[in-house]
A.B. asks: 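Sharing a structure below in structure tokens format, with a few things to ask.
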Amino acid sequence: MLLSLRAEVEDALATALAALDLPSDDLGIETPPEDVPAVLASSVAYRLASEAGAPPPEIAANIVEAIDAADYEYIGALRQQGPYVNVLPSDRYLEATVEAAQDEAFGTLPDRETSVVVEHTSANPTGPVHVGRARNPIIGDALARVLEYAGYDVERHYYVNDAGRQIAVFTWAYETFDESDLPEPDRDSPEYEMVRYYRKGNTYLEEAADDAVEDAEAEIQAILQGLEDGDEETYERVSEVVDTVLSGMTATLERLPAEFDEFVKETRFMRDGTTDDVVDRLQDLEAAVYEEDAWQLDLPEIEKNLVFLRADDTSLYTTRDLAHHEWKFDNFDRAVTVLGEDHKLQAEQLVATLDLLDHDTEQLEQVFYSWVNLPEGGMSTREGTGVDLDDLLDEAIDRAREEVEDRLDDRLRDDHLEADDIERIAHQVGIGAVRYDIVAKQPTKGITFEWDRALDFEAQSAPYVQYVHARCCGILGEAASAGHEVPGEVDIDALETDAARDLVREIARFPAVIEEAADDLRPHVVATYTRDLAEAFNTFYRECPVLTADDPETRAARLAVVAGSRNAVANALDALGVAAPDSM
RNA sequence: GGGCACGUAGCUCAGUCCGGAUAGAGCGUCGGACUUCUAAUCCGACGGUCGUGGGUUCGAAUCCCACCGUGCCCGCCA
């Protein structure tokens with residue numbers, strides 16, 4: 001609804017400025033501070049002061065004078081306040097918001113008929129998912145959800161690096177070492193069992209005698225060469241390792257939840273010939289140079305050359321990724337990739353090269369996040385340092401369960417939580433808190449992982465917002481039992497309190513927040529919004545009794561606001577990928 | 001050495017892209033509110049050279065430059 005109001009304000013300001021013979025290229029529309037009773041404001045008067053040769057307040061007054069709010073549906077009134085033009089919404093704006101929010105899909109924007117592939121996580125299939133990379137699936141999945149709400153047709157892809165040296169080492173180690181020489185796995189799950197071979201193999205390569213290492217290296221090279229040559233038997237040996245590890249990693253990611261429509265393997269682009277095709281075209285580019293026996297690209301604006309074909313004629317990760325991205329461009333209108341900041345240079349090279357190959361690189365957008373570190377340093381699968389995501393989630397659920405049980409005794413309400421309910425709430429709150437903590441922050445900021453902070457259920461966390469949803473459900477449930485129906489539309493006069501109207505204004509913002517998050521690829525703004533919405537709801541909750549309202553009209557109107565709040569909170573949490581519990 | 005990111009209250013962060021009204025939250029500390037639709041809530045107090053210095057502007061946390069601090073990157077690895 002805010003989107004409609006903003007469109008009206010743009011039209012009104014542009015019309016007024018034209019009538020005053022002033023330029024209207026910058027309307028200066030902004031959100032006023034909290035204590036100003038307006039929904040939108042314009043500081044355009046400042047910008048035009050010198051042009052118009054008049055002080056800003058005078059210009060603002062003239063603008064207000066030139067606009068008749070009656071011409072618009074959602075603009076209630078315009079007020080000049082100092083140099084600002086403030087926009088007060090009409091009653092119709094509030095009524096229309098409550099009506100729109102009755103839709104369970106509230107916040108879903110019209111279909112854009114645009115397909116987007118969101119590639120995220122894409123962690124090498126070498127072992128358990130650890131917390132260091134947990135930011136990727138959480139941001140990526142939230143991004144995919146936000147884009148879906150914004151009307152895009154979204155597919156989620158995991159790009160599987162199944163062709164590199166690490167995987168060759170892994171395959172060799174898996175075929176070479178005997179399970180009896182390995183430590184017990186940390187968990188009864190395929191990736192925990194498999195990573196033992198990988199670690200053992202890496203240790204061996206570092207510590208074994210030179211000739212033994214040489215033999216091992218020869219076997220590893222043979223695997224790499226087999227993949228390069230498209231040898232089917234080698235491919236199957238590698239696939240067994242990759243698929244097994246990946247199945248375990250996928251199961252962990254599903255807990256977040258983060259699910260994928262497709263796992264796209266790097267070897268696919270070696271096997272179908274497209275990587276060779278890319279190499280051919282790259283060699284024909286003016287920027288291509290043959291130096292030190294290898295084919296390289298001298299990319300504009302980037303100091304370092306990009307090697308795309310080794311001296312031994314084999315391709316590199318980036319070469320295959322070029323073929324991968326050409327495939328994406330062929331099949332999707334837009335491509336979004338979530339990457340760790342350590343991939344920034346490579347990502348720049350990728351874009352620059354795609355540009356040289358005459359692709360429209362506007363189609364590709366990359367979102368970077370900084371690594372999660374432990375207080376004592378980084379996390380590594382190979383070295384086995386770090387915190388496994390499974391452990392973090394288990395611990396979060398355990399702490400949430402304790403929390404639920406502690407609160408059972410204090411509950412005023414004697415509705416019975418069964419054991420199933422406790423378990424459900426512990427999962428929703430525990431995992432929600434971890435996820436929210438990560439998705440609510442700007443991805444570029446560094447995070448140091450600390451147990452207590454990651455698992456704080458108070459603070460500005462998921463449970464605060466989830467609790468609002470539970471409260472809404474509680475009221476709606478009681479209302480239903482008492483036979484009170486939620487009206488599809490409301491008479492705004494029945495919502496006389498500031499608390500109720502402020503809440504409705506907050507609900508009205510939701511579609512605009514989705515649009516902003518999708519346009520800027522910043523899902524964290526949705527998290528910021530959920531806090532504002534939750535705060536407005538809690539004020540309403542305290543000041544406006546619903547079931548025991550003074551008269552049936554007020555009760556009905558408030559009930560509609562609660563139902564709208566529920567939909568807004570539920571969908572905002574859903575867009576973030578955080579569960580919305582019906583009770584807590 | 002070069003490139004990129006980050007630096008806002010004791011702590012964790014919004015706000016920065018797109019300059020605009022007295023810089024906002026939470027945690028912590030202190031003090032209050034449960035016979036009232038769930039107190040995982042609410043109300044109040046305390047707490048700020050927006051890293052430092054310059055510049056642009058009517059106006060700078062926001063834009064530009066320099067510097068300081070921290071992180072990441074600078075493989076014929078992925």
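Every chain is numbered from 1, with letters handed out A, B, ... down the list of sequences.
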A.B. asks: Can you tell me if H343(A) uses its side chain to pair, donor with acceptor, with the backbone of L339(A) under 3.5 Å?
C.D. replies: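 Such a contact is absent between H343(A) side chain and L339(A) backbone.
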A.B. asks: Does the ring of Y84(A) lie flat against the base of rA21(B), closer than 5.5 Å centre to centre with planes under 30°?
C.D. replies: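 Aromatic stack with rA21(B) present for Y84(A).
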A.B. asks: Quick one: R542(A) CZ to rC43(B) P, roughly how many Å, whole number?
C.D. replies: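 Result: 5 Å.
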A.B. asks: Given atom CZ of R407(A) and atom P of rC34(B), what is their separation to the nearest angstrom?
C.D. replies: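 Atom-to-atom, R407(A) to rC34(B), this comes out as 19 Å.
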A.B. asks: Considering only heavy atoms and no angle criterion, is a donor-acceptor pair shorter than 3.5 Å present between the side chain of Q166(A) and the base of rA78(B)?
C.D. replies: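 No pair found.
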A.B. asks: Please say whether the positively charged group of R471(A), taken as NZ for Lys or CZ for Arg, lies over the ring of Y541(A), i.e. under 6.0 angstrom from the six-membered ring centre and within 45 degrees of the axis.
C.D. replies: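 Cation-pi check for R471(A) and Y541(A): passes.
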A.B. asks: So which nucleotide from rC77(B), rA40(B), rA39(B) ends up closest to the side chain of R310(A)?
C.D. replies: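 Of the candidates, rC77(B) comes closest.
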A.B. asks: Round to the nearest Å and state the distance from F308(A) atom CZ to rG75(B) atom P.
C.D. replies: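 In whole Å, rG75(B) P and F308(A) CZ are 18 Å from each other.
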A.B. asks: Whole angstroms only, please: what is the CD-P distance between Q460(A) and rU41(B)?
C.D. replies: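 Those two atoms, CD and P, are 11 Å apart.
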A.B. asks: Roughly how far apart, to the nearest Å, are rG7(B) and rA45(B) at atom P?
C.D. replies: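 Roughly 29 Å separates the two P atoms.
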A.B. asks: At a heavy-atom distance below 4.0 Å, what parts of residues 311-324 of chain A sit against RNA chain B?
C.D. replies: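 Here the set is A311(A), L316(A), Y317(A), R320(A).
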A.B. asks: May F368(A) be described as stacking on the base of rA5(B), applying a 5.5 Å centroid limit and a 30° limit on plane angle?
C.D. replies: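 No.
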A.B. asks: Among rA14(B), rG71(B), rG75(B), which nucleotide sits nearest the side chain of K445(A)?
C.D. replies: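 So the side chain of K445(A) is nearest to rA14(B).
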A.B. asks: Of the nucleotides rC37(B), rC42(B), rA40(B), which has the atom closest to the E478(A) side chain?
C.D. replies: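 Per side-chain heavy atoms of E478(A), the pick is rC37(B).
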A.B. asks: Mind checking which stems touch RNA chain B? I mean at least 3 consecutive Watson-Crick or G-U pairs, both distances under 3.5 Å.
C.D. replies: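 Result, WC/G-U stems under 3.5 Å: B:1-7 with B:68-74, B:10-13 with B:24-27, B:29-33 with B:41-45, B:51-55 with B:63-67.
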A.B. asks: Would you mind telling me which of rG20(B), rA40(B), rA78(B) lies closest to the side-chain atoms of S43(A)?
C.D. replies: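 Nearest to the side chain of S43(A) among the choices is rG20(B).
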A.B. asks: Provide, to the nearest angstrom, the distance between the CG atom belonging to L345(A) and the C1' atom belonging to rC74(B).
C.D. replies: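 To the nearest whole Å, that distance equals 6 Å.
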A.B. asks: Counting any heavy atom closer than 4.0 Å, what does E34(A) reach on the DNA or RNA strands: base, sugar-phosphate only, or nothing?
C.D. replies: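 No contact.
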A.B. asks: Nearest-Å distance, CG (D437(A)) to C1' (rU12(B))?
C.D. replies: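 It is 9 Å, rounded to the nearest whole Å.
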A.B. asks: Taking atom CD of E348(A) and atom CG of L306(A), what is their separation to the nearest 0.5 Å?
C.D. replies: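 One gets 12.0 Å once the value is rounded to the nearest 0.5 Å.
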A.B. asks: Can you identify which nucleotide, out of rG20(B), rA5(B), rU16(B), has its nearest atom closest to the T444(A) side chain?
C.D. replies: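 My answer, after comparing the listed nucleotides, is rA5(B).
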A.B. asks: Applying salt bridge (Lys or Arg N to Asp or Glu O under 4.0 Å) as the test, list every pair that has at least one member in residues 536-564 of chain A; sequence neighbours left out.
C.D. replies: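 Of all non-adjacent pairs touching residues 536-564 of chain A, those that pass salt bridge (Lys or Arg N to Asp or Glu O under 4.0 Å) are E496(A)-R558(A).
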A.B. asks: Does N86(A) get its side chain close enough to the base of rA21(B), under 3.5 Å, for a donor-acceptor pair?
C.D. replies: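 Counting by modelled atom types and ignoring angles, a donor-acceptor contact under 3.5 Å is found here.
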A.B. asks: Return yes if the base of rG20(B) and the side-chain atoms of R47(A) contain a donor-acceptor N/O pair under 3.5 Å, otherwise no.
C.D. replies: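 In this structure, the two groups form a donor-acceptor pair.
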A.B. asks: In whole Å, I'd like the distance from the NE2 atom of H469(A) to the P atom of rC37(B).
C.D. replies: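 Nearest whole value for this atom pair: 20 Å.
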A.B. asks: Report which part of the nucleic acid D520(A) touches: base, sugar-phosphate, or nothing (heavy-atom distance under 4.0 Å, all strands).
C.D. replies: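 The residue D520(A) makes base contact.
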A.B. asks: Without decimals, in angstroms, what is the distance between Q442(A) CD and rU8(B) P?
C.D. replies: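 It works out to 12 Å between those atoms.
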